[in-house]
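Below is one structure, written out as structure tokens; comments come after it.
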Amino acid sequence: MLKTIARNLLRGPVTMKGPAPAEDGIEELASRLDRAARTRLGRSLSIREVDAGSCNGCELEIHALNNVIYDLERFGMRFVASPRHADVLMVTGPVTANMRDALFRTWDATPDPKWVVAVGGCALDGGLFKGSYGIVGGVGAVVPVDLHIPGCPPRPIDLLAGLVALVEAAK
Amino acid sequence: MLDHLASIGTRAEAHRPFPRFDLDREAWAALVATLAEKPDWSLVGLWADTGIVHMALREEASDAVAVVSLTCPEGRFPSVGGARPAAIRLERAAQDLFGITAESLVDPRPWLDHDSWPIRLPLSADPPDPLGHPQPYPFLPVEGPGLHQIPVGPVHAGIIEPGHFRFTCNGETVVRLEQRLGYVHKGTEWLMAGRSVAEVAKLSARVSGDSTVAHSLAFARAVESATGAAVPARAVWLRALMAELERLANHLGDIGAICNDAAFAYMLAECGQLREKVLRAADACFGHRLMMDRVIPGGVAVDLAEDGRQVLAGLVADLQAAFPPLIHTYDEKASLQDRTVSTGRVAAELVRRFGAGGHVGRASGRGQDARRNPGYAPYDELEFEVPVFVDGDVNARVWIRIREVKASLGLVRQILGRLPEGPVHAPVPAAAGQGMALVESFRGEIMTWVAVREDGIVTRCHPRDPSWFQWPLLEAAIEGNIVADFPLCNKSFNCSYSGHDL
């Protein structure tokens, strides 16, 4: 273990360079953020992740954001355990009927100002599960969505680009 | 077992590759009674169709697998849950979706239906009107001096799937854990019925995101059995390659995450890097990090990228160099061992009664692996170890994963060395039939059953995730441990919510 630590220290960081902000993300966000949060958000952001019915594919890639390659925290962003600590709700999945209340209550428990980022194809409009009795639709059917990051699941780099856009738009 | 089933039922036609027997009510009831005397006959699955209930069984000694079916026009059948407790949740699910009731079901509470759907009994022939408002769910009563309850979820503190855990504790010690699942129920089986094979393949890939290759493979093989499709040799080998990459990525991620839950973040950092290497190699070789929608009925959707062999050979070399020092670290750190050794024990007897597989089964002495038994190509031509431990604790489940990582690296190397040339896809013939497949995911055995019409429409598909038989054992594993050890137990199981809730 000490050998590995020494080697890691000598070799330097394995973290990859940050991506450019996604154009779409900025556009989607600009109007809302311009008005409300330009000065408030700064470069620090706490994110609460909520799985509202995903297959867990999106969660795997969101997890990857925390690994040493993507290292989300260097952008001033971190995942927190409680909606009370959160600025952003990152929501995945077609919202299932059985999760509708839990998602709404998590959103309701998040203090203002808050933003909702819907992640993945299902979170937009239900995706492949559209039309099922078991879902109520995309995330927007339950809480207001500020940014959508597409993909099935989106790659970590796409998630990162979306989040960077969120912060840069709020500077 | 097969002789016995043949003597009490009639063999159905066009059910491949395992035989299916139609039983009458008396024969079904007699079979349930027989199960009590035959601990060797394990439950593989139990699912309903309109007016029919099916059950898959395996005889462990001979590894014979068979399906039995009972037509129940009145929607009632003798419950199997008393003889095989693993059937209880499956019976509750069948009751919620089809309105087919297991008589004298040990636990008749609804399971997937939280009273929030716009229809009731969605998969029944004639769904009745929904109830007006959600009913409170009666948790099992626990009484005694000094007991208190801790409700957790459905939204958890980490980046994980939703479910509810009700801990009853005496001080810090967990006296009982009761799970309530179903929060991620998306109506997948309802969506699958009446759609084309291609559409259902896409849904199958999203039954559980971490086992997307394995679930896709189970569906593809079930359809191929039902229709008699022939799969090109190269596709068969590429499927195994993807399945082993999936196993590697998941085990590496989980080993790191388990150690992280024991406050040993170093392992998460190191294993997270290795997992990322596997996902990038998968992306470079097959164009998708999780390899979603790559395995399809008739073969695979994409061939290995041109430089795929070099990428994967490099990956195997990297992992073979980087993994052993991490194992050494895991093994030599007393602070880590202190948390994992003897924590979250599951008795071998329970694992056997529930027919649990994967790392949960193999850590408690049950060495069932679908790649070996009943086995499927190309694994019959490959050499690999199926590790078995007997301690049944978190440490044993970590060690199963460690040994499986090593075995998968060996498999990837063998597959690369022997990968045949040729086409990677052949059309699925237009033929009607019923098919079933058993596939080993990183988590354990997946059973998928499918009925296909001649025009390529799936009339019924039932994927049974290994989690169905592992979730109840987690309730047993935590008993007598402290609350703070629950994350550790839970992560060492890593059951799927989505695969279970469907």
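Just so we're on the same page: letters track the sequence lines, and every chain starts at 1. Only this structure's heavy atoms are used, side chains among them; waters, hydrogens and symmetry mates stay out.
With a 4.5 angstrom heavy-atom cutoff, Cys122(A) does not touch chain B via any of its atoms. For Ser82(A), no part lies near chain B; criterion is any non-hydrogen pair under 4.5 Å. For chain A, no part of Asp293(B) is nearby; none of its heavy atoms comes within less than 4.5 Å. Proximity to chain A is limited to the side chain of Glu270(B), based on heavy atoms less than 4.5 angstrom apart. Only the backbone of Val80(A) has a heavy atom closer than 4.5 Å to any heavy atom of chain B. Contact of Leu97(B) with chain A is made through the side chain alone, with heavy-atom distances under 4.5 Å. For Ile69(A), the part sitting under 4.5 Å from any heavy atom of chain B is the side chain, from C-beta outward, and nothing else. In this structure, chain B has heavy atoms under 4.5 Å from both the backbone and the side chain of Tyr133(A). At a 4.5 Å heavy-atom cutoff, the contact between Ser54(A) and chain B is made by backbone atoms alone. Both the backbone and the side chain of Leu203(B) come within less than 4.5 Å of a heavy atom of chain A. Proximity to chain B (any heavy atom under 4.5 Å) is shown, for Arg100(A), by neither the backbone nor the side chain.
Among Pro325(B), Gly158(B), Ala257(B), the residue with the largest count of heavy-atom pairs under 4.5 Å with chain A is Gly158(B). Of the listed residues (Ser498(B), Ala157(B), Ala322(B), Ala249(B)), the one with the most heavy-atom contacts under 4.5 Å to chain A is Ala157(B). The greatest number of non-hydrogen atom pairs below 4.5 Å with chain B, out of Gly53(A), Gly57(A), Gly127(A), is found for Gly53(A). Between chain B and the options Ile62(A), Thr106(A), Asn67(A), the largest number of non-hydrogen pairs under 4.5 Å is found for Asn67(A). Contacts with chain A were tallied for Lys333(B), Glu332(B), Arg280(B), Arg275(B); Arg280(B) has the most, counting heavy-atom pairs under 4.5 Å. With respect to chain B, the highest number of heavy-atom pairs below 4.5 Å among Lys3(A), Arg48(A), Glu61(A) belongs to Arg48(A).
Taking SG from Cys58(A) and CD1 from Ile159(B), the interatomic distance works out to 12.0 Å, rounded to the nearest 0.5 Å. Between the NE2 atom of His63(A) and the CD atom of Glu276(B) there is a distance of 13.5 Å, given to the nearest 0.5 Å. To the nearest 0.5 Å, the span separating SG on Cys152(A) from NE2 on His288(B) amounts to 6.0 Å.
Taking 4.5 Å as the limit, every side-chain heavy atom of Asn56(A) sits out of range of all side-chain heavy atoms of Tyr497(B). Contact of the Thr4(A) side chain with the Tyr266(B) side chain is registered, since non-hydrogen atoms from C-beta on lie closer than 4.5 Å. Put simply, the side chain of Leu279(B) does not reach to within 4.5 Å of the side chain of Leu60(A), judged on heavy atoms. A heavy-atom distance below 4.5 Å is not found between the side chains of Glu59(A) and Asp210(B). By the 4.5 Å heavy-atom criterion applied to side chains, Ile160(B) and Glu49(A) are not counted as neighbours.
What you find for Leu112(B) and Asn98(A) is that their closest heavy atoms are O-ND2, 3.0 Å. Of all heavy-atom pairs between Gly287(B) and Arg155(A), the closest is O-NH2, 3.7 Å. Closest non-hydrogen pair, Ser132(A) versus Trp190(B), comes out as CA-CZ3, 3.5 Å. Lys130(A) approaches Leu191(B) most closely through the heavy-atom pair O-CD2, 4.1 Å. Smallest separation of non-hydrogen atoms from Arg289(B) and Pro156(A): NH2-CG, 3.3 Å. Of all heavy-atom pairs between Pro153(A) and Met292(B), the closest is CD-SD, 4.1 Å.
Without hydrogens or angle criteria, Thr96(A) side chain to Val184(B) main chain gives no donor-acceptor distance under 3.5 Å. The backbone N or O of Ile135(A) sits nowhere less than 3.5 Å from a side-chain atom of Lys186(B) that would complete a donor-acceptor pair.
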Start with the C-alpha distance between Met1(A) and Leu326(B), add both sets of side-chain angles, then the distance that settles side-chain contact (heavy atoms from CB on, under 4.5 Å), and finish with yes or no.
CA-CA 7 Å; Met1(A) 180 176 158; Leu326(B) 296 181; over 6 Å; no
Candidate pair His156(B) and Asp51(A), rule side-chain contact (heavy atoms from CB on, under 4.5 Å), full reasoning:
CA-CA 9 Å; His156(B) 301 299; Asp51(A) 176 344; over 6 Å; no
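Centroid-to-centroid, the aromatic rings of His185(B) and Phe129(A) stay 6.0 Å apart or farther.
Other residues, nucleotides and ligands contribute at most 12 non-hydrogen atoms within 6.0 Å of the CZ atom of Arg78(A). More than 12 non-hydrogen atoms from other residues, nucleotides or ligands lie less than 6.0 angstrom from CG of Leu9(A).
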